[in-house]
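Just so it is clear, the structure is predicted and the values come from calculations on it, not from any experiment. Reckoned from all heavy atoms, side chains included, excluding hydrogens, waters and symmetry mates. All ligand and atom numbering here is 1-based and tracks the order in the structure.
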Amino acid sequence: MKTVFSPRHSDHWLRYEYSGGQAKPCFEKPDRVEFVKREILNRRLGSILLAEEFSLDHLCAVHDESYIRFLQECWAQWVKEMNPELDAIATVFNRQSFADHIEPRSIEARLGKYSADLTAGLGPKSWYAIEASAHVALSGAKQLLGGEKAMFSLCRPAGHHASAALMAGYCYVNNAAVAAQYCLDQGCDRVAILDIDYHHGNGTQSIFYERSEVFVASIHADPDQEYPFYAGRADECGALKGLGANLNIPLSLGTTAWPEYQTALQQSMDAIASYKPDVLIVSLGVDTYEEDPISHFRLSSDDFTKIGKQLAALDLPSLFVFEGGYAVGAIGVNTVNVLEAYSEAV
Ligand code: OKS
Ligand code: ZN
């Protein structure tokens, strides 16, 4: 399996993340994908291609144009109005609808309009990494449609919490959604997205919730107990034309190990098989790992091999898009375990 990568990911880094009322060092750091890249080379998974450039239209096909403009402009405006020594992050939020039609002027107000919560900020060059990450996903999709059986887009920052006009959960542009829309625009009739990150892919769900051409399935920690809290329940099945095209499988924290996970994976695969998509996009997070510092499932490194093997049974052209995973010592092994087992089984 070939990988697409961009060194521009390292343009994105933040000083702090906020949790439990505290500023802490970030779990989401540039190292993460460098470790994955190193393991890909060590294990000879396949060649590593640099991302191609794509038009911004592909991002605007799933995101509001005003939101993308905000991501581009944020840092320059933050420097003018706020403190250039600190990350650009929201302090106020638009929870009232009176100003929804207004593009706010001040950067504080714009950050609040386009942030879901305090889990996503922007640094001096974050936009360049965000754009490159979308290009990594688009390049993978292009290769797939060009005839590759499977591709790995080693995206950073991740995307699955980002909705049409909100950044959240370390995510800015929804890379998997951008890739899915690209596949449709290039002639696919139906695309399935399977999100196996530990966290519910609430951004992806919201982008495609009322559409039938993209089936979205997510296996994740129960939102009663885990971020993103406000989406991911089993009764969220899609709406309007998208009714029936959304599947959530929440699993309980602390106790979920391979037997429960395997059953959920099979259930999601059965649903995808009956949807009969032209391509599969896997939002691949490895924060389901037992030693992940922010998550509470109990998958072992060997279990990631089993995931790859099991997914191969779908026998679909597959684009793996990287999402979360914070146990940097094992992040490469766990990720490549999925990809290598998938490649060997198809
Ligand atoms: C705040 C929790 C923030 C979680 C961010 C989730 C990042 C992730 N106490 N998403 O898949 O890995
Ligand atoms: Zn995650």
Side-chain angles (χ1 to χ4, degrees), residues 9 12-33 35-36 87 89-90 93 115-122 126 129-130 133 137 153-163 166-177 193-207 216-232 248-251 253 256 261 264 281-299 304 307 320-328 330-331 334-335 338:
H9 80 82
H12 175 61
W13 53 271
L14 298 170
R15 284 127 170 128
Y16 297 111
E17 72 169 64
Y18 299 87
S19 90
Q22 242 188 334
K24 297 179 184 170
C26 295
F27 288 104
E28 202 295 295
K29 46 192 178 188
D31 270 9
R32 295 174 52 249
V33 292
F35 278 104
V36 175
D87 302 330
I89 190 160
F93 293 92
S115 299
D117 53 41
L118 287 182
T119 63
L122 292 155
S126 290
I130 293 163
S133 191
S153 288
L154 182 43
C155 293
R156 178 181 174 277
H160 74 150
H161 296 305
S163 57
L166 288 172
M167 52 188 198
Y170 314 157
C171 299
Y172 306 86
V173 164
N174 194 313
N175 306 308
I193 300 177
L194 172 58
D195 190 322
I196 58 171
D197 187 279
Y198 169 81
H199 302 91
H200 176 242
N202 57 328
T204 314
Q205 166 171 310
S206 80
I207 287 170
V216 179
S218 181
I219 303 167
H220 49 266
D222 191 335
D224 279 346
Q225 296 168 277
E226 186 57 274
Y227 188 88
F229 297 113
Y230 311 113
N248 282 330
I249 310 181
L251 299 172
L253 276 66
T256 295
Y261 201 86
I281 296 175
V282 180
S283 268
L284 175 59
V286 294
D287 40 10
T288 46
Y289 180 50
E290 56 194 350
E291 287 173 43
D292 193 275
I294 68 168
S295 310
H296 304 92
F297 281 177
R298 294 184 178 169
L299 298 191
F304 287 97
I307 291 176
F320 292 84
V321 173
F322 197 53
E323 302 282 359
Y326 308 96
V328 285
I331 194 172
N334 293 342
T335 304
V338 174

Distance (rounded to the nearest 0.5 Å) between Y172 OH and L122 CG: 5.5 Å
Residue selection (non-hydrogen contact nearest atom 4 (C) of ligand 1) among Y198, F229, Y227: Y227
More than 12 heavy atoms of other groups within 6.0 Å of F229 CZ: yes
Option from D197, N175, N174, D195 for which side chain to side chain donor-acceptor pair (under 3.5 Å) with T204 holds: N174
Polar atom proximity, S19 to ligand 1 (N or O, under 3.5 Å): no
H199, E17, H12, E323 screened by side chain to side chain donor-acceptor pair (under 3.5 Å) with Y170, the one that passes: E17
Under-4.0 Å heavy-atom contact with ligand 1, by part of H161 that carries it: side chain
Metal proximity, H160 vs the Zn ion (ligand 2), N/O/S cut-off 2.8 Å: no
Which atom of H199 approaches the Zn ion (ligand 2) most closely (N/O/S): ND1
Side-chain heavy-atom pair R156, E28 within 4.5 angstrom cut-off: yes
Atoms of ligand 1, numbered as shown, that sit under 4.0 Å from any heavy atom of T119: 3 (C)
The Zn ion (ligand 2) to D287: nearest N/O/S atom name: OD2
Nitrogen or oxygen of D197 less than 3.5 angstrom from that of ligand 1: yes
Ligand 1-proximal atoms of H160, by part, heavy-atom distance under 4.0 Å: side chain
Minimal non-hydrogen separation, A90 against S115, with atom names: CB-OG, 3.7 Å
Parallel, tilted or perpendicular: ring planes of Y18 versus Y16, cut at 30 and 60 degrees: tilted
Of all N/O/S atoms in D197, the name of the one nearest the Zn ion (ligand 2): OD1
Beyond-backbone contact of T288 with F304, side-chain heavy atoms, under 4.5 angstrom: yes
Per-atom contacts of ligand 1 with Y326, taking only distances under 4.0 Å to non-hydrogen atoms: 7 (C), 8 (C), 12 (O)
Numbering as shown, the atoms of ligand 1 that approach Y170 to under 4.0 Å (heavy-atom distance): 5 (C), 7 (C)
